[in-house]
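Step one of this worksheet: look at the structure below.
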Amino acid sequence: MQRVNSPSADVVPYNKHSMPLGLYISVPFCRTKCSYCNFASDVFSKSAYENYVARLLEDIANSRQLASELGCALGFTHDDTADSIYLGGGTPSILDASQLLRIFAGIRDQFTVTPDAEITVECAPGTLTPPLIETLLQCGVNRVSLGVQSFVDQEAQSVGRLHKRSTVLEEIGRLREAGIGNINIDLIAGLPHQTNESWAFSVSETIATGVPHVSVYMLEVDEDSRLGRELMAGGARYHAHFVPDDDATADFYQQACQMLAAAGVAQYEISNFARVAPRNSELQNNQSRHNLKYWTRQPYLGFGVDAHSMLEPLVWGRAPTPVQVERSSAAARGSSNLGFAIAADGIETDLHQAIRFATPDSLDAYMNHEPHTVTPVSTQAAIEESFFLGLRLNRGIDFERLRTENMPWEGHDFSRAINAAEKTALAPEATCRQPQEVSCEAVAAWDSAIKQSMRDGLLEQEGTTVRLTARGRLLSNEVFARFLTEETKVGTGHVNPR
């Protein structure tokens with residue numbers, strides 16, 4: 001983990017031009033499919049695992065060629081250095097020891113992994129046997145994320161979790177005995193049968209374990225999960241009629257924020273909390289280095305089903321040409337004459353700040369070498385991303401930093417005081433000097449969004465920084481939508497892996 005001697009849990013060193021890569025590896029296999037899950041994962045026979053690992057290793061081996069064909073640098077340092085690896089899913093701990101060892105060996109064959117790299121594996125409670133933990137240590141794993149969701153057995157079982165509270169506590173002890181103390185616990189507010197009392201018990205149990213990191217998610221209701229579809233249909237399957245209402249779920253979330261803060265586990269992102277190290281100590285910063293790459297728009301590469309990547313163009317501001325796109329498809333398929341899927345009908349050579357690309361979101365499509373989707377990110381879209389990703393962090397957005405990170409905006413005075421009532425946050429009177437790729441209309445719209453959100457009590461201002469209020473974190477999607485002035489497709493990877 002990153003070591004930071006800082007008085008604030010919200011302050012993380014930042015240097016765009018020295019930030020190594022983050023690597024994400026998707027393992028879409030589960031022992032059982034939880035009813036709330038809307039990720040690209042499912043239950044498959046073990047015979048599928050070996051073919052998938054072989055396909056993963058093929059992608060990892062071809063990563064440098066794919067980046068080159070897309071006209072991308074591997075990292076802001078333009079090299080293959082990686083300081084975070086995240087194996088998520090699904091349930092990566094479902095793989096055999098030999099398969100896990102081969103994945104990590106394949107990564108180290110292609111990338112220079114820093115000695116202090118944060119290496120995380122998501123594990124389902126009930127899978128952390130002594131042999132698996134020994135395998136994780138051999139792979140260099142130093143952080144484990146446990147999908148607990150609830151310490152109340154009835155709640156966990158109602159959504160398809162296979163573990164009990166006692167299992168979680170036993171395996172946390174087992175990890176610590178093996179020397180892995182950097183542990184995250186996931187909790188979900190809004191599960192079937194959850195009450196104020198049962199939720200307080202789950203949060204209290206989490207605090208009592210002493211783990212350095214906690215993730216708290218509110219139950220997502222959408223068409224991509226069985227429980228979500230049942231709730232939307234008004235049905236009773238999957239214990240849907242025992243799901244708390246939205247107001248209760250929001251209360252649970254706020255209750256968790258308060259309880260964790262009182263216990264010294266500080267919120268640093270909408271869903272993420274880290275135990276605060278004492279001032280001037282040598283203890284590590286417990287924030288997730290890997291996930292911070294997503295929220296601060298650092299370079300990352302994803303491998304496997306529904307894996308997303310974001311890299312910087314080799315020549316700043318130049319998107320891949322259609323020829324490059326076609327070649328990168330051929331590289332990915334091991335062929336020289338196949339087409340490539342892109343996010344629009346052709347990509348013109350234009351000013352772009354980053355290139356996002358994503359693998360197919362189904363196992364069959366991925367195994368059949370169906371192409372990546374490629375999305376060049378314009379300067380304007382990059383700034384929009386900075387708003388709705390950066391505002392996820394409690395530290396918020398510093399307009400002076402935003403100005404320095406987006407070179408075409410050098411003519412804008414982001415350092416001017418922000419005042420919702422009197423002054424314009426983004427100083428649109430200066431926009432007549434701006435480059436073409438950022439429109440005056442966009443700046444005016446962002447300025448209006450900031451001022452309106454502050455009037456609504458969703459944003460607060462301190463100097464040149466704006467951040468979400470506690471109410472704003474509950475209504476964050478509403479706030480983020482206000483900053484979108486063009487349709488922006490953002491593949492942020494598994495920002496909130498469960």
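Because the structure is predicted, anything quoted here is derived from the model rather than measured. Below, all heavy atoms of this structure are taken into account, side chains as well, without hydrogens, waters or symmetry copies.
With values rounded to the nearest 0.5 angstrom, His213 atom NE2 is found 12.0 Å from Arg275 atom CZ. Taken to the nearest 0.5 Å, the CH2 atom of Trp446 stands 4.5 Å off from the CD1 atom of Ile383. Atom CG of Leu301 is separated from atom CG of Leu23 by 6.5 Å, given to the nearest 0.5 angstrom. Distance check: His290 NE2 to Gln298 CD gives 12.0 Å after rounding to the nearest 0.5 Å.
Applying the side-chain hydrogen bond (donor to acceptor under 3.5 Å, both in side chains) criterion to Glu155, with sequence neighbours excluded, gives Ser150, Gln194, Ser198. Thr469 is linked by a side-chain hydrogen bond (donor to acceptor under 3.5 Å, both in side chains) to nothing, counting only residues two or more places apart in sequence or in another chain. Taking the side chain to side chain contact (heavy atoms under 4.5 Å, CB included) definition, one finds that Arg174 meets it with Pro130, Ile133, Glu170, Glu171, sequence neighbours left out. Residues satisfying the ring-ring contact (aromatic ring centres under 6.0 Å, His included) test with Tyr52, not counting sequence neighbours, are Phe29, Tyr366. Ser476 meets the side-chain hydrogen bond (donor to acceptor under 3.5 Å, both in side chains) test with no other residue; sequence neighbours excluded. Residues passing the side chain to side chain contact (heavy atoms under 4.5 Å, CB included) test with Asp245, sequence neighbours excluded: Asp247, Ala248. In this structure Gln452 satisfies the side-chain hydrogen bond (donor to acceptor under 3.5 Å, both in side chains) test together with Arg455, Asp456, sequence neighbours excluded. Judged as a side chain to side chain contact (heavy atoms under 4.5 Å, CB included), and not counting sequence neighbours, the contacts of Leu101 are Thr135, Gln138, Cys139.
In summary, the side chains of Tyr86 and Glu122 do present a donor paired with an acceptor at a separation below 3.5 Å, with no hydrogens or angles considered.
For the ring-ring contact (aromatic ring centres under 6.0 Å, His included) condition, the pairs that include at least one residue of residues 169-195, sequence neighbours left out, are His193-His239, His193-Phe242. Here salt bridge (Lys or Arg N to Asp or Glu O under 4.0 Å) pairs that include residues 199-212, with residues two or more places apart or in two chains, are Arg165-Glu205. Note on residues 94-106: pairs passing side chain to side chain donor-acceptor pair (under 3.5 Å), not counting sequence neighbours, are Glu50-Gln99, Glu50-Arg102.
Closest approach of Pro192 to Ser158, counting heavy atoms only: CB-OG, 3.6 Å. Nearest approach of Ala382 to Arg297, heavy atoms of both residues: CB-NH2, 3.6 Å. Taking each heavy atom of Val466 and Gln461 in turn, the nearest pair found is CG1-CB, 4.2 Å. Taking all atoms of both residues into account, the shortest heavy-atom contact from Thr359 to Asp306 is OG1-N, 3.1 Å.
When side chains are defined from C-beta on, Val168 does not count as touching Thr209, because their heavy atoms never get closer than 4.5 Å. Contact of the Arg467 side chain with the Arg395 side chain is not registered, since no non-hydrogen atoms from C-beta on lie closer than 4.5 Å. Between Phe104 and Ile85, some side-chain heavy-atom pair lies under the 4.5 Å cut-off. Val152 is not listed as a side-chain neighbour of Leu191, based on a closest heavy-atom distance of 4.5 Å or more. A 4.5 Å side-chain heavy-atom check between Phe399 and Ile450 finds at least one atom pair inside the cut-off.
Between Tyr294 and Tyr300, the distance from one ring center to the other falls under 6.0 angstrom.
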Intermediate values then yes/no, side chain to side chain contact (heavy atoms under 4.5 Å, CB included), Tyr268 and Val276: CA-CA 10 Å; Tyr268 68 97; Val276 180; over 6 Å; no
Kindly list each side-chain donor-acceptor pair under 3.5 angstrom involving residues 250-264, sequence neighbours excluded, with atom names and distances?
from, atom 1, to, atom 2, distance (Å)
Tyr253, OH, Gln267, NE2, 2.9
Tyr253, OH, Ile270, O, 2.6

